[in-house]
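Each chain gets a letter, A, B and so on, in the order the sequences are listed, and its residues count up from 1.
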Amino acid sequence: MRQMGRDAGPAGDLRLADLTKRFGVFTAVDDLSLTVPQGSFFALLGASGCGKTTTLRMIAGLEEPTGGRVLLGDRDITRLRPYKRPVNTVFQSYALFPHLDIAENVAFGLRRRGIRAVRDEVTRMLSLVQLDGYGPRRPAQLSGGQQQRVALARALINHPQVLLLDEPLGALDLKLRRQMQIELKRIQTEVGITFLHVTHDQEEAMWMADTVAVMNAGRVEQLGAPADIYEYPATPFVANFLGQSNLVEAEATGLDGDDLLVTAHGSRFAVPVGRARSRHGRVWLGVRPEKLQLVADPGRVPDGRNAFRAVLTDICYAGVSTEFLLRTGWGQELSVFTANADPDPRLVPGAEVTAHWHPRHSFVLPRGGEHDVPAEETAEPVPDRLGAGT
Amino acid sequence: MTALAHLGGAPTPTAPPGDRDATRGSYRLLPYLLLLPGAAWLFLFFTVPLLQLAAASLYDPAGSLSTGYALTWAFGNYPDALQAYWPQFGRSFLYAGVALVLALLMGYPLAYAIAQKAGRWKNLLLVCVVAPMFTSFLVRTLAWKTILSDNGWLVGLLRDVHLLGPDGRLLATPVAVVLGLTYNFLPFLVLPLYASLERLDARLLEAASDLYASPTQAFRRVTLPLSMPGLVAGTLLFFIPASGDYINAELLGTPNEYMIGNVIDSAFLVRLDYPQGAALSFLLMAAILAVVFVYLRRAGTEEVL
Ligand SMILES: Nc1ncnc2c1ncn2[C@@H]1O[C@H](COP(=O)(O)OP(=O)(O)OP(=O)(O)O)[C@@H](O)[C@H]1O
Ligand SMILES: [Mg+2]
């Protein structure tokens with residue numbers, strides 16, 4: 001969305017080209033290629049152990065790649081020593097210097113570059129991370145969240161070309177986390193530094209970043225603007241890692257105008273061709289839980305919508321919304337999110353309901369072997385009380 | 001109620017949560033009980049002899065072992081001893097100091113390598129550091145006598161490469177004494193240094209290099225300050241026994257290399273001049289305490305080195 005940073009100079013893009021890291025036989029980062037435009041807020045999202053930290057370490061120069069290159073603009077920095085890179089890191093483990101007070105921790109980078117007058121800048125940074133007056137303390141005298149903010153200040157003060165943030169807000173409570181997210185985004189817009197933000201909080205990634213890359217097992221599964229990825233995920237993993245998805249095993253059976261028709265467990269559903277990543281054979285039919293609507297009376301489903309019948313098994317109240325768990329006729333558990341306004345009193349556990357959605361809210365993904373069964377799917381056998389609807 | 005519960009033998013199952021004072025009385029005494037054996041030992045075998053030594057240092061210097069000594073509060077023993085033996089005093093601190101510098105130059109990299117780089121060889125290397133201790137101090141120093149002897153390989157080699165003149169020697173020189181001191185006390189420096197370097201978190205060095213510190217700067221600003229406790233302890237454990245040592249000077253040197261330890265040794269065992277030996281012992285103690293005090297004051301403010 002915000003493209004200003006790009007104009008500052010195309011020379012500043014951070015590019016990873018076929019970056020690979022193996023530890024012995026284990027491949028932590030697998031042939032990773034991506035471009036982080038200068039001045040962008042880029043989020044690297046992925047499950048624990050998928051190689052995010054390793055990727056950052058290679059960019060910072062703390063880990064030598066087994067293969068591939070790291071480029072900053074036109075400059076190949078793959079073999080450059082870490083202290084010569086215009087890159088700073090907010091470490092996942094903070095790595096604050098225990099023998100220095102907070103002010104000296106924050107001033108460390110400036111001092112190493114021979115800058116003497118650091119006082120004002122340190123004070124400014126500390127107040128930016130809401131730690132005014134903590135300068136004379138030692139890291140051991142701070143809480144985890146405070147230490148995390150010191151780590152942030154210590155990296156930010158250097159105004160690097162690229163700031164690497166390894167889960168910089170992980171230890172903060174929700175409120176402070178929110179504040180720091182806003183603050184980080186503000187700082188990023190203000191100073192125009194490229195932020196590469198690693199997180200496994202998908203909401204944080206979507207909320208903060210211009211571009212999100214979803215990583216899985218050392219590879220990028222999908223890359224794009226948060227809304228694009230969310231609305232049209234590329235793989236079952238992405239569909240369930242970024243938010244939740246209901247994924248149903250289906251077969252593509254042919255085209256009907258601009259719609260692809262798929263059959264799942266005996267029912268037919270329509271999906272616009274533009275939202276199908278595969279048009280033949282075995283596919284996943286997907287729809288986000290908040291796109292589904294529930295009605296107790298099958299007759300009230302509007303025309304032209306996909307629908308199926310199910311039994312309501314559980315209702316989880318979560319404040320802003322309610323999650324309804326449905327058991328379909330073929331024994332799959334699916335979920336529906338509904339905003340909490342005027343709940344239908346007939347929607348109680350055990351009730352037979354019909355879930356319906358607009359075809360343009362569905363998406364179709366190719367379904368390969370057994371290995372890419374999405375994590376969310378629970379396939380416990382249940383008594384087949386309902387035939388599939390529609 | 002609490003004390004009664006303890007003494008009365010009434011079967012109190014587990015003490016209720018509020019009943020913490022029940023045991024507080026005995027907890028208060030516990031530290032002192034634990035101190036008792038050590039304190040008694042120190043009192044009998046350190047404090048009492050020390051006081052005896054202090055008294056001996058003030059005996060009438062005219063007395064002798066055969067005629068008996070009189071405690072005449074002869075404070076003059078101190079300046080007399082100092083006047084007679086100040087060169088040996090100076091030599092003690094000079095040799096120990098030079099040996100300390102050599103030991104630091106070897107010991108710091110060694111401790112660092114074992115702690116941070118040795119991987120699975122760590123324990124083996126530690127054993128190697130301690131292994132010489134399995135033989136006696138005397139035997140080790142005698143071995144050095146052989147190594148440094150005039151017809152040994154080392155002297156031969158040094159003569160061949162003209163670092164030593166054709167009849168230059170190592171044995172019976174200050175060099176030999178300093179080398180002996182360095183060797184014999186090196187483990188006392190390495191072990192505490194190792195202990196503090198072992199605890200050094202490698203991620204801090206990564207953070208330093210991420211923050212523009214070259215390897216030299218990272219060492220100076222992170223490794224060195226964080227190893228300070230081990231460095232201070234090791235330096236003291238090296239310097240104190242080295243400056244009081246007499247075996248190295250005796251076996252590897254000549255009377256020209258004698259240190260204050262040799263003088264005290266001969267005062268007590270050869271010349272049988274107890275007042276002088278005692279006075280010298282106290283002077284040595286005072287000097288070491290002074291050095292240590294100054295050192296710790298500076299180390300506390302991280303200005304050492
Ligand atoms: N030095 C190493 N030696 C061997 N394996 C390693 C090493 N460092 C990381 N790994 C492995 O590489 C994989 C990726 O690790 P990495 O730290 O990059 O994960 P991550 O995505 O940052 O996870 P998290 O979200 O939990 O921080 C993990 O499976 C990890 O066990
Ligand atoms: Mg990580």
Side-chain angles (χ1 to χ4, degrees), chain A residues 53-54 56-64 77 80-101 104-115 118 122 125 138-140 147 150-166, chain B residues 104 108-109 111-113 115-122 192-236 295-305:
Chain A
T53 297
T54 310
L56 288 199
R57 287 173 59 82
M58 288 192 283
I59 299 169
L62 301 171
E63 201 87 67
E64 192 165 330
I77 59 166
L80 201 63
R81 306 294 218 85
Y83 58 92
K84 297 197 169 145
R85 300 188 185 203
V87 170
N88 286 115
T89 311
V90 180
F91 291 92
Q92 194 168 13
S93 56
Y94 321 149
L96 300 181
F97 303 116
H99 59 294
L100 299 178
D101 64 21
E104 279 307 310
N105 262 283
V106 174
F108 195 89
L110 294 183
R111 290 209 191 280
R112 296 294 81 72
R113 287 182 297 164
I115 299 165
V118 298
V122 168
M125 272 299 149
R138 293 281 168 130
Q147 292 180 28
V150 175
L152 191 61
R154 188 179 70 169
L156 261 179
I157 198 171
N158 299 296
H159 293 287
Q161 226 173 311
V162 179
L163 185 70
L164 306 174
L165 302 117
D166 200 347
Chain B
L104 278 172
Y108 202 105
Y112 186 84
Q116 294 283 327
K117 307 282 173 197
R120 60 207 180 92
W121 300 104
K122 194 184 270 185
L193 250 185
Y194 162 81
S196 66
L197 283 169
E198 143 98 318
R199 265 178 289 144
L200 181 72
D201 187 346
R203 289 178 297 187
L204 295 178
L205 298 178
E206 292 185 347
S209 75
D210 188 67
L211 292 163
Y212 313 105
S214 65
T216 324
Q217 288 180 318
F219 175 79
R220 170 90 181 75
R221 299 294 168 185
V222 180
T223 310
L224 193 58
L226 285 175
S227 62
M228 219 44 180
L231 196 61
V232 170
T235 311
L236 293 181
Y295 178 72
L296 285 181
R297 282 291 293 270
R298 304 205 56 190
T301 55
E302 290 171 12
E303 277 171 14
V304 180
L305 300 179

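- For A:His99 (side chain) and B:Thr223 (main-chain N/O), no donor-acceptor pair under 3.5 Å exists by modelled atom type.
- Counting heavy-atom pairs under 4.5 Å between each of A:Ala60, A:Pro98, A:Gly61 and chain B puts A:Pro98 at the top.
- Contact detail for A:Arg112 and B:Ala213: the closest heavy-atom pair is CD-CB, 3.7 Å.
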A:Arg154 vs B:Leu211, test: side-chain contact (heavy atoms from CB on, under 4.5 Å). Steps then yes/no. CA-CA 9 Å; A:Arg154 188 179 70 169; B:Leu211 292 163; 3.5 Å; yes
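- Residues B:Pro215 and A:Tyr83 share a closest heavy-atom pair of CD-CE2, 3.4 Å.
- B:Tyr212 places a side-chain heavy atom less than 4.5 Å from the side chain of A:Pro160.
- Interface residue B:Gln217: only side-chain heavy atoms are found under 4.5 Å from chain A.
- Side-chain contact between B:Asp201 and A:Ser93 is absent, with no heavy-atom pair separated by less than 4.5 Å.
- With hydrogens and angles ignored, the 3.5 Å screen pairs a side-chain donor or acceptor of A:Asn88 with a backbone N or O of B:Asp210.
- What you find for A:Leu62 and B:Ser209 is that their closest heavy atoms are CD2-OG, 3.7 Å.
- For chain B, the nearby part of A:Arg57 is the side chain; its heavy atoms alone come within less than 4.5 Å.
- For A:Leu96, the part lying under 4.5 angstrom from a heavy atom of chain B is the backbone only.
- With a 4.5 angstrom heavy-atom cutoff, B:Ala218 does not touch chain A via any of its atoms.
- Within 6.0 Å of the CZ atom in A:Arg113, the count of heavy atoms belonging to other residues, nucleotides or ligands exceeds 12.
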